[in-house]
**Q** 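Can you read through this structure? Questions will come right after.
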Amino acid sequence: MRGQRVGMLLSGLVAVAVAMFGVPVGYFVFVYGCGKQEDRLAETIAGDPVLADGPAGAGEGTPYQGCDDDDLFVYAGKDYPYGASRQGALAHYQESARAHGWRPRTAPGEAPADCFTKRIGGTTAYLTLEGPDDGALRMEIVADRADSDWC
């Protein structure tokens, strides 16, 4: 009996909040943000072997991963201390990315790709190279369930 009253009270409070503040309250309480599906996708992309394959001259990489609650895209990557040229990093990842099943996103005759695609976890993931800026190189994979284009 007491459990019924608590359930009714909670239902009533949610109904009042929705009535006072509109649908967004219900959305933020029950739907908003990253969930288990995004967590699983983030774990999957974080485990892609290309992230463990840093270029020659790079220091120990610092891994990271997460999910954007607003847009539900997930990301994983590594930041490397790196003092060599961008061309050296691009040449390394042209080889490494292809060896790990990534495809470059360039048309024939264009400059070497710094963005690659691959199907991971049931969606298209995008591998990008940023830098080196101020002695840091970032390799990042981004994906979402909406199959957005991140290149």
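Here the structure is a predicted model, which means the values were calculated and not measured.
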**Q** Is E130 close to L137 at the side-chain level, that is, under 4.5 Å between some pair of heavy atoms?
**A** no
**Q** Taking all non-hydrogen atoms of both residues into account, name the closest pair between P81 and E60 and its distance.
**A** CD-O, 3.4 Å
**Q** Hey, does P55 have a side-chain heavy atom less than 4.5 Å from the side chain of Y93?
**A** yes
**Q** Please report the closest heavy-atom contact between T44 and G121, naming both atoms and the distance.
**A** CG2-N, 4.4 Å
**Q** Quick check: does any side chain N or O of R98 sit under 3.5 Å from a backbone N or O of R103, one acting as donor and the other as acceptor?
**A** no
**Q** Do any N or O atoms from the side chain of K118 and from the backbone of A97 form a donor-acceptor pair under 3.5 angstrom?
**A** no
**Q** Got D48 and I141 here, is their nearest side-chain heavy-atom distance under 4.5 Å?
**A** yes
**Q** Heavy atoms, side chains only, cut-off 4.5 Å: are R138 and L129 in contact?
**A** no
**Q** Quick one: OH on Y82 to NE2 on H92, what's the gap to the nearest 0.5 Å?
**A** 8.5 Å
**Q** What is the minimum heavy-atom distance between L41 and A143, and which atoms define it?
**A** CD2-CB, 4.2 Å
**Q** Would a hydrophobic clustering, with Ile, Leu, Val, Met, Phe, Trp and Tyr connected at side-chain separations under 4.5 Å, put L72 with Y64?
**A** no
**Q** Working to the nearest 0.5 Å, report the span between OH of Y75 and CD1 of I45.
**A** 10.0 Å
**Q** Verify, without hydrogens or angle tests, whether E38 (side chain) and G35 (backbone) share a donor-acceptor contact under 3.5 angstrom.
**A** yes
**Q** Is the backbone N or O of G122 less than 3.5 Å from a side-chain atom of R119, with the two atoms forming a donor-acceptor pair by type?
**A** yes
**Q** Restricting to non-hydrogen atoms, name the atom on D69 and the atom on C34 that form the minimum distance, rounded to 0.1 Å.
**A** OD1-N, 2.8 Å
**Q** Taking the side chain as every heavy atom from C-beta outward, state whether K78 and E140 have any pair of such atoms under 4.5 Å apart.
**A** no
**Q** Between CG of L90 and CD of E95, what distance do you get to the nearest 0.5 Å?
**A** 12.5 Å
**Q** Going through the distances and angles, do F116 and V50 end up as a side-chain contact (heavy atoms from CB on, under 4.5 Å)?
**A** CA-CA 11 Å; F116 303 83; V50 75; over 6 Å; no
**Q** If the threshold is 4.0 Å, N to carboxylate O, is there a salt bridge linking R105 and D114?
**A** no
**Q** Ignoring hydrogens and angles, state whether a donor on the side chain of D53 or S96 is under 3.5 Å from an acceptor on the partner side chain.
**A** yes
**Q** Testing the basics here: between F73 and V142, what is the closest heavy-atom pair and its distance to 0.1 Å?
**A** CD1-CG1, 3.9 Å
**Q** Starting from the C-alpha separation in whole Å, work towards a yes-or-no answer on side-chain contact (heavy atoms from CB on, under 4.5 Å) for C115 and Y126.
**A** CA-CA 7 Å; C115 186; Y126 297 86; 4.2 Å; yes
**Q** Would a distance-only check, ignoring hydrogens and angles, find a side-chain to backbone donor-acceptor pair under 3.5 Å from T123 to D144?
**A** yes
**Q** Check A42 against G66 and note the closest heavy-atom contact, atom names and distance.
**A** CB-O, 4.2 Å
**Q** Would a distance-only check, ignoring hydrogens and angles, find a side-chain to backbone donor-acceptor pair under 3.5 Å from D79 to T62?
**A** no
